[in-house]
Amino acid sequence: MVPYAGSRVKKTFRLSMIWLHTWIGLLPGWLLYAIFLTGTASYFRPEITTWMQPEAQARAASAPAAMRLALDTLAQAAPDAQDWYIELPEARKPGLGIAWYSPGIKDGYHTRTLDAAGLSPQVRDTKGGEFFYRFHFQLQLPYPWGRWLACFAAVFMMTALITGVIAHRRFFKDFFTFRPGKAAGRSWLDFHNLAGVLALPFYLMIGYTALVMFLYMFAPWGRLATEPPAPKEAATAQESKKPYDSAVAGKPAAMVLAPLEPMLAEAEKLWGAGEVGRIGISDRKDSSVSISFDPIHGKAISIDSRKRLEFNGILGTHPEAASDEGKKGSASRLNDFLYGLHLAHFADPILRWLFFCMGLLGSAMVATGLILWIAKRRAQKENEPAAGPGFYLVERLNIAVIAGFPLAFGAFFWSNRLLPAAFTGRSDWEVNLVFIVWGIAFLHAFLRPAAKAWKEQLALAAVLYLLLPALDAITAGRFLAQAWRLGNSAHLGFNATAAVVGLFFAYAARRASKAITYAEKVR
Amino acid sequence: MKHTLPVLITAALTFLALGMERHHLPALGRKPSRNFRNGSKSAGWILLAFAIPVAVAAYGWPVGAVTLFAWLAVTGFALTLCLSYAPRFAPVCTVCMAVLMALISFWN
């Protein structure tokens with residue numbers, strides 16, 4: 001049977017499905033692996049941010065006090081900004097965040113995290129978990145190219161899943177079966193089937209909801225036909241052509257706002273104390289200034305289960321709702337439900353860990369699939385002297401992505417602890433270092449013999465992750481002790497997880513070096 | 001309710017696995033009789049069916065379904081690793097899960 005012979009093989013349905021699964025799985029495989037891993041990390045977005053900003057963790061101020069501090073700081077730091085945002089501390093994210101937005105200037109959106117005294121250089125500037133979240137669907141590429149790539153990755157993923165079920169149809173007979181140490185790709189195939197089948201409902205859910213979330217990109221016509229362009233967007237588009245200063249010059253300073261405390265009290269009464277997540281003050285320069293309160297996500301799945309609370313910024317009253325506003329159609333409600341299912345903000349800690357594990361299983365499914373492609377061809381090509389350029393490319397890309405990408409993540413966390421807090425542009429440099437290290441991993445993967453490259457990159461990743469808790473204790477020991485005292489499970493859990501990840505890579509590196517000795521014996 | 005769900009699912013999957021000839025022998029050390037295999041499989045399916053109302057009672061329909069699938073995937077993976085590397089421990093997986101869940105509920 002030669003299922004890989006391309007166009008010759010269209011004989012049966014199943015063979016063509018195998019062919020499709022092989023190539024549809026291979027092409028976006030590296031991309032899917034990166035998306036799977038960053039998405040998995042994004043389940044713990046606030047926890048990662050908490051670890052990466054250890055200075056901001058000791059906060060137990062009440063919501064009104066936090067809001068007052070944020071407003072005072074914003075008035076000092078960004079008196080001219082059009083919009084202000086406040087991220088109140090919550091259980092999963094103890095830092096108090098502020099953000100401001102000035103349209104019409106490059107990089108007009110700024111975020112900062114405050115400590116007890118307000119804006120302070122003591123709190124290191126970092127993208128934190130946000131980096132993983134953004135990478136997951138934008139791939140660190142300029143808008144909209146990253147989203148388009150992620151969009152196509154989702155389409156390919158659904159195709160690979162469905163063809164995969166047909167290609168690997170024997171999995172019910174082999175259920176609960178993993179045979180380690182078997183030759184010629186048998187073990188990889190076992191693991192690929194195992195990871196693929198066990199969490200199949202999860203992958204289908206993630207792939208399908210991702211397609212729904214991207215629907216506005218690859219099928220925008222329904223929306224364009226029914227929704228007129230929002231007038232506010234048109235206005236900002238015009239405004240953004242003018243330089244920002246002249247737009248401000250002719251207008252009076254910020255409007256006198258109605259007091260925010262009663263509004264906050266109303267929001268807390270509605271949702272409960274500590275349930276207010278984000279406060280927005282938009283169009284501050286205008287008489288149309290409005291103030292909004294968004295709740296943190298509740299226990300329901302839909303992202304729209306709790307409605308935003310809005311106020312007129314000058315009068316302090318609720319705006320009159322348009323008659324059809326707030327009444328969503330069933331399609332729209334389904335969209336909110338599927339969106340919420342993908343984001344999993346509703347999950348309690350146990351379910352969040354389960355999602356995390358299934359995300360890792362998904363990454364392993366993609367990785368073993370990619371390795372399997374090589375293993376099968378190596379078994380076939382044993383008697384041939386040299387492998388072709390395609391084989392070489394896939395083999396090396398596998399190393400640079402499967403081992404190199406987590407390695408570059410490790411560099412992200414290390415740079416967070418090693419770059420000084422006062423370093424200018426440090427949050428950008430943390431990200432730059434990820435790509436510098438990843439670039440080196442690519443070079444290394446293409447220049448070294450494959451088996452050695454595997455071993456070295458896996459070993460380096462093991463060292464980075466295993467030593468991360470030690471690095472944390474050395475460079476941020478004060479905060480680690482504080483986290484221990486306060487029972488900050490995010491900070492401690494991050495270190496524990498890093499150690500487990502490091503152990504896994506150490507095991508993988510050991511297996512890779514065993515594979516080298518095996519290959520040398522055979523030769 | 002929340003914490004009994006994973007114990008039920010582990011038990012169900014273990015019974016299903018022990019009902020398969022391939023896993024029965026290394027786990028229990030003897031060849032299974034046809035009756036044992038059928039009984040074990042039935043027990044597994046019944047426990048699995050019973051897990052559905054438990055999940056719904058603990059979380060409600062939507063989150064309950066999600067949680068049920070999530071536990072199936074993760075305990076299934078753990079059980080498979082156990083069957084490959086230490087098959088003798090497979091029958092006590094359920095006990096381990098019960099202890100773990102008792103600890104977690106105690107912690108909370």
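Not measured: the values here are computed from a predicted model. In the text below, chain A, chain B and the rest are named by the order of the sequence lines, each starting its count at 1.
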Going by heavy atoms in the side chains, are B/R22 and A/T177 under 4.5 Å from each other? yes
Whether over 12 other heavy atoms sit under 6.0 Å from B/F15 CZ: no
Neighbour count above 12 (heavy atom, 6.0 Å) for A/F178 CZ: yes
Which members of residues 353-363 of chain A, sorted by number, sit under 4.5 angstrom from chain B on a heavy-atom basis? A/L354, A/F355, A/C357, A/M358, A/L361
Under the rule for salt bridge (Lys or Arg N to Asp or Glu O under 4.0 Å), what residues qualify as partners of B/R37, not counting sequence neighbours? B/E21
Atom CZ of residue position A/F504 - does it have more than 12 heavy atoms of other residues, nucleotides or ligands inside 6.0 Å? no
Select all residues of residues 77-86 of chain B having any heavy atom within less than 4.5 Å of some heavy atom of chain A, and report them by number, or 'none'. B/F77, B/L79, B/T80, B/L81, B/L83, B/S84, B/Y85
Proximal component of A/D190, with respect to chain B [non-hydrogen, under 4.5 Å]: neither
If we only count heavy atoms from C-beta on, is the B/L16 to A/F175 side-chain gap below 4.5 Å? no
More than 12 heavy atoms of other groups within 6.0 Å of A/R169 CZ: no
With a 4.5 angstrom heavy-atom cut-off, which part of A/L200 approaches chain B: side chain, backbone, both or neither? neither
Distance col, row B/K2:NZ vs A/L351:CG, nearest 0.5 angstrom, shows 9.0 Å
Close approach to chain A in residues 47-74 of chain B, criterion heavy atom under 4.5 Å: B/Y59, B/P62, B/V63, B/V66, B/T67, B/F69, B/A70, B/W71, B/L72, B/A73, B/V74
